[in-house]
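Let me begin by presenting the structure, written as structure tokens, before commenting on it.
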There are 2 protein chains.
Amino acid sequence: MKNPVQFYKCLADETRLRCLLLIAQEEELCVCELTQAIDEIQPKVSRHLAQLRKCELLLDRRQGQWVFYRINPALPDWAKAVLAATLASNQPFLVKNMNRLNKMGDRPARAQACC
Amino acid sequence: MKNPVQFYKCLADETRLRCLLLIAQEEELCVCELTQAIDEIQPKVSRHLAQLRKCELLLDRRQGQWVFYRINPALPDWAKAVLAATLASNQPFLVKNMNRLNKMGDRPARAQACC
DNA sequence: TTGAGACATACGTTAATTCATATATACTAA
DNA sequence: TTAGTATATATGAATTAACGTATGTCTCAA
């Protein structure tokens with residue numbers, strides 16, 4: 001992450017913020033899960049995830065046909081703290097998304113990183 | 001503040017973020033001090049401060065010819081925590097501004113709110 | 001090797017933000 | 001009053017960001 005302004009630009013869009021917070025809450029989510037949870041079309045979600053990846057807020061990992069995104073553990077501590085505080089105090093902002101996610105059938109299973 | 005997205009939109013501009021952090025650090029600053037500190041023209045600073053006021057991140061108080069801005073104490077705790085964490089870990093982002101501010105002559109004296 | 005699902009990106013358009021300049025308002029001091 | 005300083009806002013132009021649609025790549029399974 002370049003500077004705090006760039007960091008906050010990443011959080012300053014509804015789609016991106018919802019994705020980030022959902023991922024922070026669930027550890028790891030794939031694109032189709034996010035697409036379902038926030039009820040937006042896939043290219044839109046994908047485009048925003050690409051931006052978060054480019055700014056190094058997220059890391060991705062391919063597993064079969066799916067790509068899972070997670071918070072970049074190399075983020076500076078203050079940035080992690082900002083995300084954590086936002087998540088902890090804004091559950092109402094995410095309820096609908098969490099409901100959609102939980103009602104989703106056929107969620108892809110996570111495999112361990114290594115076997 | 002309406003929602004976390006609006007809050008982060010407020011932080012997602014260099015001029016606004018610098019103003020906010022400088023104010024958080026100094027308790028209270030007037031427009032001409034901010035204009036000096038961040039080295040931008042007055043209408044630009046004023047416009048961004050107006051936006052932060054409108055979103056209820058800042059409160060203002062007129063004292064004579066000056067208008068002093070301070071962080072709104074009614075901000076939700078998580079938002080205050082976000083600002084505090086950002087300030088604490090991004091001093092390098094502000095050094096030039098702090099230097100300019102400290103070298104500024106004729107800074108208006110703060111009067112107490114009441115006598 | 002073909003088809004289908006998951007994901008990424010390119011492209012042109014639209015919408016939102018930011019800007020500099022000009023000007024208005026508020027206050028102070030003469 | 002008038003002049004001067006501090007601040008706010010209006011306006012139109014310029015920049016940036018977000019969008020939908022179309023299409024490309026990758027993987028798996030038949």
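Residue numbering restarts at 1 for every chain, and letters A, B, ... go by the order of the sequence lines.
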Rounded to the Å, how far apart are [X] [atom1] and [N] [atom2]?
X: B:Tyr8; N: C:dT17; atom1: OH; atom2: P; value: 18 Å
X: B:Arg61; N: D:dA6; atom1: CZ; atom2: C1'; value: 15 Å
X: A:Phe68; N: C:dC7; atom1: CZ; atom2: P; value: 8 Å
X: B:Leu11; N: C:dT17; atom1: CG; atom2: C1'; value: 16 Å

Heavy-atom pair of closest approach, residues [X] and [Y]:
X: A:Met1; Y: A:Glu56; answer: N-OE1, 3.3 Å
X: A:Gln91; Y: A:Leu87; answer: NE2-O, 3.2 Å
X: B:Ala37; Y: B:Leu22; answer: CB-CD1, 3.9 Å

Contact letters for nucleotides 12-30 of chain D, in which S counts primed atoms plus P, OP1 and OP2 and B counts the base, heavy atoms under 4.0 Å: ------SBBBB----SS--

Is any side-chain heavy atom of B:Ile38 closer than 4.5 Å to one of B:Cys19?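 They are in side-chain contact.
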
Measure the shortest side-chain to side-chain distance between B:Met104 and B:Glu33 over non-hydrogen atoms and say whether it is less than 4.5 angstrom.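 A side-chain contact under 4.5 Å exists here.
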
How large an angle, rounded to 10°, do the end axes of the helix from C:dT1-D:dA30 to C:dA30-D:dT1 enclose when each is built from five base pairs?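 Roughly 20° between the end axes, to the nearest 10°.
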
Side-chain N or O of B:Tyr69 versus OP1/OP2 of D:dA8: is the shortest distance under 4.0 Å?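 Indeed, a polar side-chain atom of B:Tyr69 lies that close.
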
Who clusters with A:Val95? Use side-chain heavy atoms, under 4.5 angstrom, across I, L, V, M, F, W and Y, and order the result by chain and number.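 None; A:Val95 is a cluster of one.
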
Would B:Arg18 and B:Phe93 count as a cation-pi pair here, with the cationic atom under 6.0 angstrom from the ring centre and within 45° of the axis?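 Yes, B:Arg18 sits over the ring of B:Phe93.
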
Output yes when a side-chain donor or acceptor of B:Asp13 lies under 3.5 Å from a complementary backbone atom of B:Arg16, and no otherwise.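 Side chain of B:Asp13 to backbone of B:Arg16, a donor-acceptor pair under 3.5 Å: yes, one is there.
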
